[in-house]
Amino acid sequence: MTETRSHYREELDQLEASALGGLDLARQALGRTLEVIEQIDVELAQLVVADDDRIDGRYLEVHQGLINLLATQTPVATDLRLISALLHVLKNVERMGDQCVNICKVIPLSGYEPPADPQMTELIVTMGRESMSLVSQSKRAFAERDVGLAQDLVRQDDAIDELNRRCFHLALRIGEDADTREWAMTMLLAARAIERVGDNAVDVGEQVAFVVTGLFREFEDASHPRLVSPDVDGSR
């Protein structure tokens, strides 16, 4: 029995490592997507779309492994929380990959030499780099069970939201040329997708608090979007 439980513990640890490794795959995909935006690289965009199969494969593999543990073992309460949280992490990883695919699918619509605005491109690339930082921090927060580090994701996500708003206002002022405005609308779609990656990273952080405290609380909500509890006991 002891050997069986030891094997179970090792398997759960390996599944956690694989799930968190999915965040690395998502971060890599976002980095390549930023290259696509910056260089208007249609060929690289196609590679990002094709490579999303790696993220989907990771999702399916780890998801099935976690379900098998639930079916064949008897996880205690803390392990049940971890398994539930990892299933949520996987879903967010898969969504991050999908956001990169969404961006790379619309980039060719603007052509190989679109009338790009350097200021908007810089804003979007900055957003992307900030989102990459959030993804990395969410992974570290989960691995270290650091609720404070997880809650700090909200502060950084607010900065991404502000950059997204600046992109929107810039698009409104970008000029009357039809091609330029069409390019700007495409870039707004990209900015929105990057903003969602940041939101997904915050969602991963919320799972850290759930694993540690046993209580789920959104770090942000519609009525108090900037209210973040400094406590780690799940209270507000």
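No hydrogens, no waters, no symmetry mates; every other heavy atom, side chains included, goes into these values.
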(message) Between Arg217 and Glu206, is there a side-chain heavy-atom distance shorter than 4.5 Å?
(response) no

(request) List for me each residue that meets side-chain contact (heavy atoms from CB on, under 4.5 Å) alongside Glu38, sequence neighbours excluded, and say none if there are none. (result) Val125, Arg129

(message) Using side-chain heavy atoms (C-beta onward) and a distance below 4.5 Å, is Ile194 in contact with Leu34?
(response) yes

(request) Could you check Asp51 against Arg54 for salt bridge (Lys or Arg N to Asp or Glu O under 4.0 Å), going step by step and ending with a plain yes or no? (result) CA-CA 6 Å; Asp51 206 40; Arg54 293 176 61 209; 3.3 Å; yes

(request) Could you tell me which non-hydrogen atom of Ile83 sits nearest to which non-hydrogen atom of Pro75, and how far apart they are? (result) CD1-CG, 4.0 Å

(message) Could you walk me through whether Leu153 and Val208 satisfy the side-chain contact (heavy atoms from CB on, under 4.5 Å) test, starting with their C-alpha distance in whole Å, then the side-chain angles of each, then the deciding distance to 0.1 Å, before giving a yes or no?
(response) CA-CA 12 Å; Leu153 293 166; Val208 176; over 6 Å; no

(request) Applying side chain to side chain donor-acceptor pair (under 3.5 Å), name anything that partners Gln64, two or more places apart in sequence or on another chain. (result) Asn68

(request) Search all heavy atoms of Asn164 against all heavy atoms of Arg192 and return the closest pair with its distance. (result) OD1-N, 3.9 Å

(request) Using side chain to side chain donor-acceptor pair (under 3.5 Å) as the criterion, list what pairs up with Asp79, not counting sequence neighbours. (result) Tyr8, Arg9

(request) May I ask whether Leu30 and Val101 are part of the same hydrophobic cluster, defined by side-chain heavy atoms of I, L, V, M, F, W, Y residues being less than 4.5 angstrom apart, directly or through others? (result) no

(request) Identify the heavy atoms of Ala190 and Ile103 that sit nearest to each other, and give their distance. (result) O-CD1, 3.7 Å

(message) Test of understanding: with ring pair (Phe, Tyr, Trp, His ring centres under 6.0 Å), list the residues that count as partners of Phe210, not counting sequence neighbours.
(response) none

(message) Per the salt bridge (Lys or Arg N to Asp or Glu O under 4.0 Å) rule, what does the pair list look like for residues 130-139, sequence neighbours excluded?
(response) Asp24-Lys139

(message) With salt bridge (Lys or Arg N to Asp or Glu O under 4.0 Å) as the rule and sequence neighbours excluded, what pairs involving residues 57-78 come up?
(response) none

(request) Can you sort out the partners of Arg196 under side chain to side chain donor-acceptor pair (under 3.5 Å), two or more places apart, ordered by chain and number? (result) Asp199

(message) Let me confirm one number: the OG-CG distance from Ser18 to Leu25, rounded to the nearest 0.5 Å.
(response) 10.0 Å

(request) Using the test side-chain contact (heavy atoms from CB on, under 4.5 Å), find all partners of Glu144 that sit at least two apart in sequence or belong to another chain. (result) Arg140, Asp146

(request) Output the distance between atom CZ (Phe219) and atom CD (Gln151), rounded to the nearest 0.5 Å. (result) 5.0 Å

(request) Following the transitive rule for hydrophobic clusters with a side-chain heavy-atom cut-off under 4.5 Å over Ile, Leu, Val, Met, Phe, Trp and Tyr, establish whether Leu163 and Met187 coincide in one cluster. (result) yes

(message) Rounded to the nearest 0.5 Å, what separates atom CZ in Arg173 from atom CG in Asp117?
(response) 9.5 Å

(request) State the NZ-CD distance between Lys105 and Gln46, to the nearest 0.5 angstrom. (result) 12.0 Å

(request) Flag yes if more than 12 heavy atoms outside Arg181 fall under 6.0 Å of its CZ atom; otherwise flag no. (result) yes

(request) Kindly give the heavy-atom pair with the smallest separation between Ser131 and Ile160, and that separation in Å. (result) OG-CD1, 3.3 Å

(message) With rounding to the nearest 0.5 angstrom, report the CZ to OG1 distance, Arg81 to Thr213.
(response) 7.0 Å

(message) I'd like to check the side-chain contact (heavy atoms from CB on, under 4.5 Å) partners of Leu60; sequence neighbours left out, ordered by chain and number.
(response) none

(request) Work out which heavy atom in Ala150 is nearest to a heavy atom in Gly205; give both atom names and the distance. (result) CB-O, 3.5 Å

(request) Start with the C-alpha distance between Trp183 and Ile174, add both sets of side-chain angles, then the distance that settles side-chain contact (heavy atoms from CB on, under 4.5 Å), and finish with yes or no. (result) CA-CA 10 Å; Trp183 174 85; Ile174 207 161; 4.1 Å; yes

(request) Evaluate salt bridge (Lys or Arg N to Asp or Glu O under 4.0 Å) for Glu16 paired with Arg145, printing each intermediate quantity in order. (result) CA-CA 12 Å; Glu16 178 180 349; Arg145 306 294 193 266; 2.8 Å; yes

(request) Look at the side-chain heavy atoms of Ile, Leu, Val, Met, Phe, Trp and Tyr, link any pair under 4.5 Å apart, and say whether Phe216 and Leu66 land in one connected group. (result) no

(request) Report the residues that fulfil side chain to side chain donor-acceptor pair (under 3.5 Å) with Gln137, sequence neighbours left out, ordered by chain and then residue number. (result) Asp152, Gln156

(request) Give, for atom CD of Glu35 and atom CG of Leu47, the distance between the pair rounded to the nearest 0.5 Å. (result) 11.0 Å

(message) Salt bridge check, Glu162 against Arg165: does any charged N sit closer than 4.0 Å to a carboxylate O?
(response) yes

(message) Let me check something: do Leu149 and Leu134 share a hydrophobic cluster, defined by ILVMFWY side-chain heavy atoms less than 4.5 Å apart, either directly or through other members?
(response) no

Could you give the side-chain donor-acceptor pairs of residues 86-100 under 3.5 Å, partners two or more places apart or in another chain?
residue : atom : partner : partner atom : Å
His88   : ND1  : Ser84   : O            : 2.9
Asn92   : OD1  : Asn200  : ND2          : 3.1
Asn92   : ND2  : His88   : O            : 2.9

(request) Establish whether Ile107 and Met120 are linked, either directly or via other cluster members, by ILVMFWY side-chain heavy-atom contacts under 4.5 Å. (result) yes

(message) Pair Phe142, Val211 - check side-chain contact (heavy atoms from CB on, under 4.5 Å), show working.
(response) CA-CA 9 Å; Phe142 200 106; Val211 170; 4.1 Å; yes

(request) Applying side-chain contact (heavy atoms from CB on, under 4.5 Å), name anything that partners Ser136, two or more places apart in sequence or on another chain. (result) Arg27

(request) Over all heavy atoms of both residues, which pair between Leu44 and Val36 is shortest? Give the atoms and the distance, please. (result) CG-CG2, 3.7 Å

